Protein chains: 2
Amino acid sequence: MTEIEKLTEERIFDAATEVFLERGMDGARMQEIADQAGINKSLLHYYFRSKDRLFDAVFEKVAAGMFSRFSPLLDPELSLEEKISFFFREHISFLEKNPRLPSFLLNEINRNPKRMKEIIRRLDIGKIYDILEQQHGEEFKQLGITPSLVPQIMISVGAMSVFPFAARGIVETLLEKAGLNFKDFIEERKTFAAGFVIRAFHNKPT
Amino acid sequence: MTEIEKLTEERIFDAATEVFLERGMDGARMQEIADQAGINKSLLHYYFRSKDRLFDAVFEKVAAGMFSRFSPLLDPELSLEEKISFFFREHISFLEKNPRLPSFLLNEINRNPKRMKEIIRRLDIGKIYDILEQQHGEEFKQLGITPSLVPQIMISVGAMSVFPFAARGIVETLLEKAGLNFKDFIEERKTFAAGFVIRAFHNKPT
DNA sequence: CCTATCTTTGACCAATTGGTTAAACCATAT
DNA sequence: ATATGGTTTAACCAATTGGTCAAAGATAGG
C-alpha cells in the first residue's frame with residue numbers, strides 16, 4: 001500500500017465518518033461523501049466495495065472509540081469512587097469533542113440490532129462487568145448491592161453520561177427555560193454526575 | 001368527515017406510525033406504509049399531501065404521548081419522593097409498551113433539531129421545571145440543590161428511564177454476560193431507578 | 001522510452017422513490 | 001335512474017441513488 005493510497009483511503013474514511021455521523025446510514029449519500037473527500041464517487045467503490053462495507057468500517061471504528069473510553073473502570077489501582085469520578089470526567093469530555101456520536105450509535109444499533117450486537121460483542125463490553133465484580137464484589141456486598149443490580153448501576157452510569165448528548169435538542173429546550181446554556185451544563189455535569197452516583201451508592205436501599 | 005373516511009385516515013396514520021417508528025423518516029418507504037394500511041400508495045398523498053407532512057403528524061402525536069407521561073411530576077398532592085416513584089413506574093411501563101419510541105424520538109430530534117425544537121417547545125416541557133421549582137423550591141434549598149442543579153436532576157431522571165430502551169442493543173449484550181434478560185431488567189428498573197435517585201437526593205453533595 | 005500495474009475519472013445504468021394524474025368507483029340526493 | 005361529490009385505483013413520471021465500466025492518468029521497473 002503506497003503512501004498516497006493510504007492518504008486517499010484515509011480521506012475517504014474521514015469524510016465518510018463525518019457524513020455518516022451527521023446523517024446516519026439511511027440519510028447519508030455516497031455523492032456527499034465523495035464531495036467531502038474531494039474525489040470522484042467511483043473511488044469510494046474502488047476502496048470500499050459498497051456503501052454497506054464503508055458504513056461497517058466507520059461504525060466499527062466509531063464504536064470502538066466510544067467504548068475504549070471505559071478504560072478507567074478497569075484500573076485495579078482505583079477505588080470505586082475514583083473510577084466513577086474519572087469515568088465521568090473523561091467520558092463526558094470525549095463526548096464534548098464528538099457530540100454526534102451518541103445519537104448516531106443509538107440509532108444505528110436500533111436500525112440493525114443483529115449486526116450491531118455482533119460488533120459490540122467483539123468489543124467485549126462484558127469484561128467491564130466481570131472486572132467490576134472481581135475488583136469490587138466485596139464492596140458491593142457491603143453496600144447491599146446484589147449481583148443483578150450491577151448492570152442496573154452500569155447502565156445508569158452510561159445513561160447519565162450519554163443521554164444529555166443524545167437528547168441534546170430536548171436538553172437545550174429545557175435549559176432555555178432555566179436561563180442556562182448547554183456548554184456550562186455539560187461542564188457542570190462532569191462533577192454532578194459523579195456526585196449523584198456516589199451518593200446513590202453509599203446508602204442502603206430504602 | 002364521514003365515518004369511513006375517518007377510518008381510512010386512521011388506518012393510514014397508524015400504519016405510518018408503525019413504519020416510521022421502525023425505520024425512521026429516512027428509512028421509511030411510502031409503499032411500505034401503504035401496504036401496511038392495505039391501501040394504494042396514492043391514498044397516502046390524498047390524505048396527507050406529502051411524506052413530510054405525514055411524518056410531522058406522526059412525530060407530533062408520538063412526542064406528545066411521550067411527554068404527557070410526565071404528568072405525575074405536576075401533581076401538587078404528591079411529595080418529591082412519591083413523584084419520583086410514580087414517574088418511574090408509569091413512564092417505564094409506558095416505554096415497555098412502546099419500546100421503539102425513545103430511539104425514534106432521539107434520532108429524529110437530532111436529524112432536524114430546529115423543526116423538532118419547535119414541536120417540543122409547543123409541548124411546553126419547560127412548565128415541568130417551573131412547577132418543580134414552585135412546589136419544591138424550599139425542599140431543594142434544604143437539600144443543598146441550587147437552581148442550576150434542577151435541570152441536571154431532571155435530565156438524569158429522564159436518562160434513567162429512557163436510556164435502557166434507546167440503548168437496548170447494548171443493554172442486552174451486557175445482560176447476556178450477567179445471565180439476565182431484558183424484561184426482568186426493566187421490571188426491576190422501575191423500583192431501582194426510583195431508589196437510586198431518591199438516595200442521590202437525600203444526601204448533601206460531597 | 002515503453003510496458004505493466006495501479007489509481008482516478010466521467011459517462012452511464014438499472015432500480016428505487018416520492019409524487020402526479022386521469023379515470024374508475026361508489027354512495028347519496030334529487 | 002342519473003348527476004354529483006368525494007374516494008380509490010392503476011399507470012405513469014422525473015429525480016435520485018448506489019453501483020458499473022471502459023478509458024485516461026499516473027507511477028515504477030526494465
Side-chain angles (χ1 to χ4, degrees), chain A residues 1-62 104 107-108 111-112 114-116, chain B residues 1-62 104 107-108 111-112 114-116:
Chain A
M1 191 182 291
T2 70
E3 192 56 28
I4 175 74
E5 179 175 352
K6 203 173 183 177
L7 267 172
T8 305
E9 189 169 334
E10 213 169 284
R11 274 220 324 280
I12 292 175
F13 188 87
D14 291 347
T17 303
E18 204 167 312
V19 174
F20 278 132
L21 275 175
E22 178 85 13
R23 309 232 186 265
M25 166 67 171
D26 287 333
R29 298 289 158 244
M30 294 296 268
Q31 186 59 58
E32 189 178 353
I33 295 173
D35 291 347
Q36 179 80 24
I39 50 135
N40 190 283
K41 185 165 63 101
S42 302
L43 258 198
L44 298 183
H45 294 91
Y46 180 75
Y47 282 98
F48 304 83
R49 288 181 53 80
S50 67
K51 187 184 182 185
D52 271 296
R53 280 166 186 267
L54 179 53
F55 176 80
D56 279 353
V58 168
F59 181 89
E60 189 141 1
K61 178 138 182 198
V62 150
F104 168 76
N107 182 49
E108 299 302 338
R111 199 178 57 85
N112 194 336
K114 269 186 208 155
R115 184 166 53 163
M116 297 312 151
Chain B
M1 191 182 293
T2 68
E3 192 56 28
I4 174 73
E5 179 175 351
K6 203 175 186 174
L7 266 173
T8 305
E9 187 168 337
E10 214 170 283
R11 273 219 325 280
I12 292 176
F13 188 87
D14 291 347
T17 303
E18 203 167 314
V19 173
F20 278 133
L21 274 176
E22 179 86 12
R23 309 231 186 266
M25 166 67 171
D26 287 334
R29 298 290 159 243
M30 294 296 267
Q31 187 59 58
E32 188 178 354
I33 295 174
D35 292 347
Q36 180 81 22
I39 51 136
N40 191 283
K41 186 165 64 102
S42 301
L43 259 197
L44 298 183
H45 294 92
Y46 180 74
Y47 282 97
F48 304 82
R49 288 181 52 81
S50 67
K51 187 185 182 184
D52 271 295
R53 282 166 185 266
L54 179 52
F55 176 80
D56 280 351
V58 167
F59 182 88
E60 189 140 1
K61 177 138 184 200
V62 149
F104 169 77
N107 182 49
E108 298 302 338
R111 201 177 57 85
N112 195 336
K114 267 186 208 154
R115 184 166 52 163
M116 298 312 151

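Chain identifiers are assigned alphabetically (A, B, ...) following the order of the sequence lines, protein sequences preceding nucleic acid strands; residue numbering begins at 1 within each chain. All values reported here derive from a predicted model rather than from experimental measurement.
Between the C1' atom of dT9(C) and the NE2 atom of His45(A) lies a distance of 14 Å, rounded to the nearest Å. Nucleotide dT16(D) holds its P atom 16 Å from the NZ atom of Lys51(A), rounded to whole Å. Atoms CZ (Phe48(A)) and P (dG18(D)) sit 16 Å apart, rounded to a whole Å. Summarising the geometry, the separation between CG on Leu7(A) and C1' on dT8(C) is reported as 15 Å, rounded to the nearest angstrom. Atom P of nucleotide dG18(D) and atom CG of Asp52(A) are separated by 11 Å, given to the nearest angstrom. Atom P of nucleotide dT8(D) and atom CD of Glu9(B) are separated by 11 Å, given to the nearest angstrom. Between Tyr47(B) atom OH and dG6(D) atom C1' there is a gap of 9 Å when expressed in whole angstrom units. For the pair Arg23(A) CZ and dT17(D) P, the interatomic distance rounds to 11 Å; values are reported in whole Å.
Here the CG atom belonging to Asp35(A) is positioned 10.5 Å from the NZ atom belonging to Lys41(A), to the nearest 0.5 angstrom. In this structure, CG on Leu21(A) lies 10.5 Å from CZ on Phe59(A), to the nearest 0.5 angstrom. Atom-to-atom distance recorded for Phe55(B):CZ and Thr17(B):OG1 is 10.5 Å, nearest 0.5 angstrom.
Taking 4.0 angstrom as the limit, Tyr46(B) places none of its side-chain polar atoms (N or O) nearer than this to OP1 or OP2 of dG6(D). The phosphate of dG19(D) (OP1 or OP2) has no side-chain N or O of Arg49(A) nearer than 4.0 angstrom.
Across all their heavy atoms, Gln36(A) and Ala15(A) have their closest contact at CG-CB, 3.5 Å.
Here Asp26(A) pairs with nothing under the side chain to side chain donor-acceptor pair (under 3.5 Å) rule; sequence neighbours left out.
A heavy-atom distance below 4.0 Å to DNA chain D is reached by these residues of residues 31-43 of chain A, ordered by number: Lys41(A), Ser42(A).
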Report each atom pair, protein N/O against N/O of nucleotides 26-28 of chain D, whose distance is under 3.5 angstrom.
none

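For the residue pair Asp52(A) and Ser50(A), no side-chain donor N or O sits within less than 3.5 Å of a side-chain acceptor on the partner.
Between the side chain of Arg53(A) and the backbone N or O of Phe48(A), no donor-acceptor pair lies under 3.5 Å. Although no hydrogens or angles enter the test, the distance criterion places a donor-acceptor pair under 3.5 Å between the side chain of Glu108(A) and the main chain of Met25(A).
Picking from dG19(D), dT17(C), dT8(D) the nucleotide with the shortest atom distance to the side chain of Met30(A) gives dG19(D).
More than 12 heavy atoms of other residues, nucleotides or ligands shown are found within 6.0 angstrom of CD on Glu22(B).
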